[in-house]
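Have a look at the structure below, then the notes.
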Amino acid sequence: MNTTVGVIGGGQLARMMIPAAVNLGIRIRVLAENEGMSADLAAVQVGDYRDRDVVLAFADTVDVVTFDHEHVPQGILRELVARGVAVHPGPDALLFAQDKLLMRQRLSELGLPVPDWARVENAAELGVFLASHNSRAVVKTARGGYDGKGVRLVTHEHEADDWFAALAEDGNDGALLVEELVEFRRELAQLVARRPSGQIALWPVVETVQQGGVCAEVIAPAPQSEGRLARAAADIAVRIAEGIGATGMLAVELFETTDERILVNELAMRPHNSGHWSIEGSTTSQFEQHLRAVLDLPLGATDVRDPWTVMVNILGGPASEPLSARYPAAFEAYPAAKVHTYGKDPRPGRKVGHVTVGGDDLDLVAYQARAAAAVFQD
């Protein structure tokens with residue numbers, strides 16, 4: 001194909017789009033924030049994604065623009081669209097990944113199940129919400145925040161005063177999102193891809209396991225998810241994708257609650273950590289599917305290759321040597337494990353790679369994936 005996809009953002013998601021693009025014969029160009037980032041194999045330009053001129057110049061070199069993250073300002077996105085640039089997902093959809101308050105409002109308008117929530121602009125309003133929710137709630141910054149950042153459990157109205165003060169100082173009439181503290185059995189994620197022309201593809205719902213607010217592992221499919229749960233997760237994801245006009249990959253993070261509810265937690269409009277298992281575990285990986293979708297090509301099958309696939313993140317990595325120094329030990333001990341590293345320097349808590357194992361026995365698959373990932377930790 002004489003087609004060039006431009007990816008804004010040089011992280012590991014852009015990096016993992018590169019092999020899929022090569023296999024499809026698609027040219028891929030990356031606008032990276034800094035030199036030496038994960039996707040530097042395709043980084044043809046380094047610059048600030050918040051700089052209008054930088055982004056417009058990059059867009060002039062590609063046929064379609066997509067993203068490694070959701071942080072490009074709305075004004076720039078809308079100017080790209082006004083200039084006739086194909087942008088997927090578009091600004092109208094990305095808005096709901098950029099602003100959690102707008103996301104909660106839109107999901108509520110669509111009649112989708114979400115935690116009880118409110119917009120709060122000061123401590124008094126937070127106190128009112130706490131009083132009606134057993135004095136326990138979760139407060140989130142509306143913009144920014146990921147991997148547990150920008151999220152705070154509160155039991156008193158003044159426990160978010162520093163955030164309210166920061167909002168007052170920026171002069172943008174901002175507010176915080178406050179939600180009920182959900183009692184959940186586990187966290188789930190439903191991946192869906194949607195083409196601009198409307199075709200949709202879904203993978204099995206997966207279980208995600210968090211450590212310190214960061215995804216540590218993913219089990220695909222989620223154990224005991226057949227039937228009602230799988231149907232509910234798929235229905236929610238399709239209604240969101242169609243309701244907000246998402247194009248490309250969409251990850252819907254979900255809570256399975258102790259009182260039998262399925263609630264939407266967060267949205268990500270790009271390939272997502274909960275879908276890394278699909279590289280080896282599905283007929284079509286989320287990265288190939290994302291490229292197909294943003295180019296409005298027919299979507300690939302999403303059948304699983306093994307009854308069980310477990311993906312375990314490598315968090316932190318070794319302190320005194322590169323990840324590659326651990327390859328011999330990991331490869332010899334766990335030949336069934338597929339290891340992906342992201343070209344990042346090890347740092348405590350940082351996602352520097354992941355390991356995937358598939359097979360028939362969930363206990364054995366999970367053990368091998370966890371053990372192989374552990375080889376890369378000190």
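One is the number of the first residue; the rest follow in order along the sequence. This structure is a prediction, so every number in the text was calculated from the model and none was measured.
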Find out whether [X] and [Y] are in side-chain contact, i.e. whether some heavy atom of one side chain is under 4.5 Å from a heavy atom of the other.
| X | Y | answer |
| --- | --- | --- |
| T66 | H290 | yes |
| T247 | V294 | no |
| H88 | V65 | no |
| V182 | L263 | yes |
| K140 | E179 | yes |

Results of side chain to side chain contact (heavy atoms under 4.5 Å, CB included) for [X] - residues two or more places apart only:
| X | value |
| --- | --- |
| F331 | Y327, V339 |
| Q105 | L102, E109, W117 |
| V375 | R326, A329, A330, Y334 |

- Stepwise side-chain contact (heavy atoms from CB on, under 4.5 Å) test for Q98 and L77: CA-CA 12 Å; Q98 293 175 331; L77 295 174; 4.0 Å; yes
- Query: Yes or no on salt bridge (charged side-chain N to carboxylate O under 4.0 Å, His left out) for R231 and D235, after CA distance, side-chain angles and deciding distance?
  - Reply: CA-CA 6 Å; R231 290 193 298 271; D235 177 67; over 6 Å; no
- Query: With respect to H354, which candidate in H340, K338, E217 satisfies the side chain to side chain contact (heavy atoms under 4.5 Å, CB included) definition?
  - Reply: H340
- Task: Give a yes or no on whether N134 atom CG has more than 12 heavy-atom contacts from other residues, nucleotides or ligands under 6.0 Å away.
- Result: no
- Query: What pair of heavy atoms forms the shortest contact from H156 to L126, and how long is it?
  - Reply: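 Scanning both residues, the minimum pair turns out to be O-CD2, 4.3 Å.
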- At their closest point, which heavy atom of A160 faces which heavy atom of L176, and how far apart are they?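 Shortest heavy-atom contact: CB-CD1, 4.1 Å.
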- Applying side-chain contact (heavy atoms from CB on, under 4.5 Å), run through L177 and V139 and close with a yes or a no. CA-CA 6 Å; L177 170 66; V139 175; over 6 Å; no
- Item | Hydrophobic cluster membership, V355 vs V214, 4.5 Å side-chain cutoff |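 No: no chain of side-chain contacts under 4.5 Å links V355 to V214.
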- For the pair R78 (side chain) and P73 (backbone), establish whether a donor and an acceptor sit closer than 3.5 Å, ignoring hydrogens and angles.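 Checking the backbone N and O of P73 against the side chain of R78, no donor-acceptor pair under 3.5 Å is found.
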- Message: Run the salt bridge (Lys or Arg N to Asp or Glu O under 4.0 Å) test against E183 and tell me which residues pass, sequence neighbours left out.
- Response: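 Listed in chain order: R136.
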- Message: Show, in sequence, the C-alpha distance, side-chain angles and deciding distance for V352 and L323, and conclude whether the side-chain contact (heavy atoms from CB on, under 4.5 Å) test is met.
- Response: CA-CA 9 Å; V352 294; L323 289 168; 3.9 Å; yes
- Going through the checks in order, is the side-chain contact (heavy atoms from CB on, under 4.5 Å) test met by I262 and E256? CA-CA 5 Å; I262 304 296; E256 181 185 8; 3.9 Å; yes
- Task: Hydrophobic side-chain clustering at under 4.5 Å (ILVMFWY, transitive links): who's grouped with V206? Put none if nobody.
- Result: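 Direct or chained contacts put V206 with L191, W203, V218, M249, W277, V304, M311.
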- Can you label the angle between the H71 ring and the Y49 ring as parallel, tilted or perpendicular, going by 30° and 60°?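 The rings of H71 and Y49 sit tilted, inter-plane angle from 30° to 60°.
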- Task: Quick one: list whatever passes side chain to side chain donor-acceptor pair (under 3.5 Å) with R305, sequence neighbours left out.
- Result: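 Partners of R305 by the side chain to side chain donor-acceptor pair (under 3.5 Å) criterion come out as none, since no residue qualifies.
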